[in-house]
Amino acid sequence: VWAGMAKETAHQIGTPLSSLMAWVELLKEKEGTEEMTIEMEKDLKRLETITERFSKIGSKAELTDENIKKLINETVSYMEKRFSKNIEFFQNINIKSEKIMLNKVLLIWVIENICNNAADAMKGEGSITLDCTENDYDIQLLISDTGEGIDRNIIKSVFMPGVTSKKRGWGLGLSLAKRIIEEYHNGKIYVQNSTKESGTTFCILLPKKSNTTTS
């Protein structure tokens, strides 16, 4: 039922999305709208990505050879312009094996979800750091914030469906992130550190060699 609802949602979004794309093309013809239309196109592409995510629920998760350094850079660039101006992003990417097998659409969603949670935890003010390193077997991505940490009462169950510290929300984000990383990418995701003094750090491990799995 949930898969069917997701696919129907994706189908319904498609029509107004196509219309918005046409309006943006018309807007481009007016002088002085270049910067605005560029950002609007980015948002429309992101809506396309969201639609694609919904349409693929319950389907086979295909992994392709992607440049993870470029993926992180583009994702951070997008978020920087849409998060609070009081949130700073930092990147430390030190890898040689830039291309690995992954599902680009789903991995971007995981990164965005963790960063959105970080922004909420920091109440719109602080910094988010993405550190990417590698060893012989894995790519390691650490996403750290300067928030107040995860409530001790839920930290051990933070990846379980329905668990959330937010007043609004379904508590599904991290459970879906865990499924995407562990079931689709044969990787690992866990809370490496979380304290009131130092904030929270999530660790994502992605194998350099991975097999396509099904949902």
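Here the structure is a predicted model, which means the values were calculated and not measured.
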Item to check | Asn135 atom CG, neighbour heavy-atom count above 12 within 6.0 Å | outcome: yes

Checklist entry - Given Asn193 and Ser198, is the side-chain hydrogen bond (donor to acceptor under 3.5 Å, both in side chains) satisfied, shown in steps? => result CA-CA 8 Å; Asn193 180 63; Ser198 62; 3.1 Å; yes

Checklist entry - Ile189 versus Cys203: any side-chain heavy-atom pair under 4.5 Å? => result no

Item to check | Positive for side-chain contact (heavy atoms from CB on, under 4.5 Å) with Ile100, one of Ile68, Asn67, Thr64 | outcome: Ile68

Checklist entry - So among Ile181, Asp65, Leu107, which one has a side-chain contact (heavy atoms from CB on, under 4.5 Å) with Leu102? => result Leu107

Next on the checklist: For a side-chain contact (heavy atoms from CB on, under 4.5 Å) check, start with the C-alpha distance between Ile108 and Tyr78, then their side-chain angles and the critical distance, and finish with the verdict.
Outcome noted: CA-CA 11 Å; Ile108 288 174; Tyr78 179 85; over 6 Å; no

Checklist entry - Would Met122 and Ile87 satisfy side-chain contact (heavy atoms from CB on, under 4.5 Å), going step by step from the backbone distance to the final call? => result CA-CA 9 Å; Met122 297 186 298; Ile87 292 178; 4.1 Å; yes

Item to check | Cluster overlap Val110 with Val191, hydrophobic side-chain contacts below 4.5 Å | outcome: yes

Item to check | salt bridge (Lys or Arg N to Asp or Glu O under 4.0 Å) assessment of Lys45 paired with Glu48 | outcome: CA-CA 5 Å; Lys45 285 181 179 179; Glu48 279 190 297; over 6 Å; no

Checklist entry - Just wondering, do Leu47 and Asp43 contact through their side chains at under 4.5 Å, heavy atoms? => result no

Next on the checklist: Are Phe89 and Phe83, when compared by the centres of their aromatic rings, separated by less than 6.0 Å?
Outcome noted: yes

Checklist entry - Near Glu35 CD, under 6.0 Å, is it more than 12 heavy atoms from other residues, nucleotides or ligands? => result no

Next on the checklist: Tell me whether Glu134 is salt-bridged to Lys208, with the criterion being a basic N under 4.0 Å from an acidic carboxylate O.
Outcome noted: yes

Checklist entry - Taking it one step at a time, do Leu174 and Asn113 satisfy side-chain contact (heavy atoms from CB on, under 4.5 Å)? => result CA-CA 8 Å; Leu174 288 177; Asn113 182 265; 4.0 Å; yes

Checklist outcome for this item: With Ile93 as partner, the option from Leu141, Thr133, Asn73 fulfilling side-chain contact (heavy atoms from CB on, under 4.5 Å) is Asn73

Checklist entry - Are Tyr184 and Arg179 close enough that some pair of their side-chain heavy atoms sits under 4.5 Å apart? => result yes

Checklist entry - Between Thr201 and Ser144, is there a donor-acceptor pair closer than 3.5 Å when you use the side chain of the first and the backbone of the second? => result no

Checklist entry - So do Phe202 and Ile204 actually touch side chain to side chain, heavy atoms under 4.5 Å? => result no

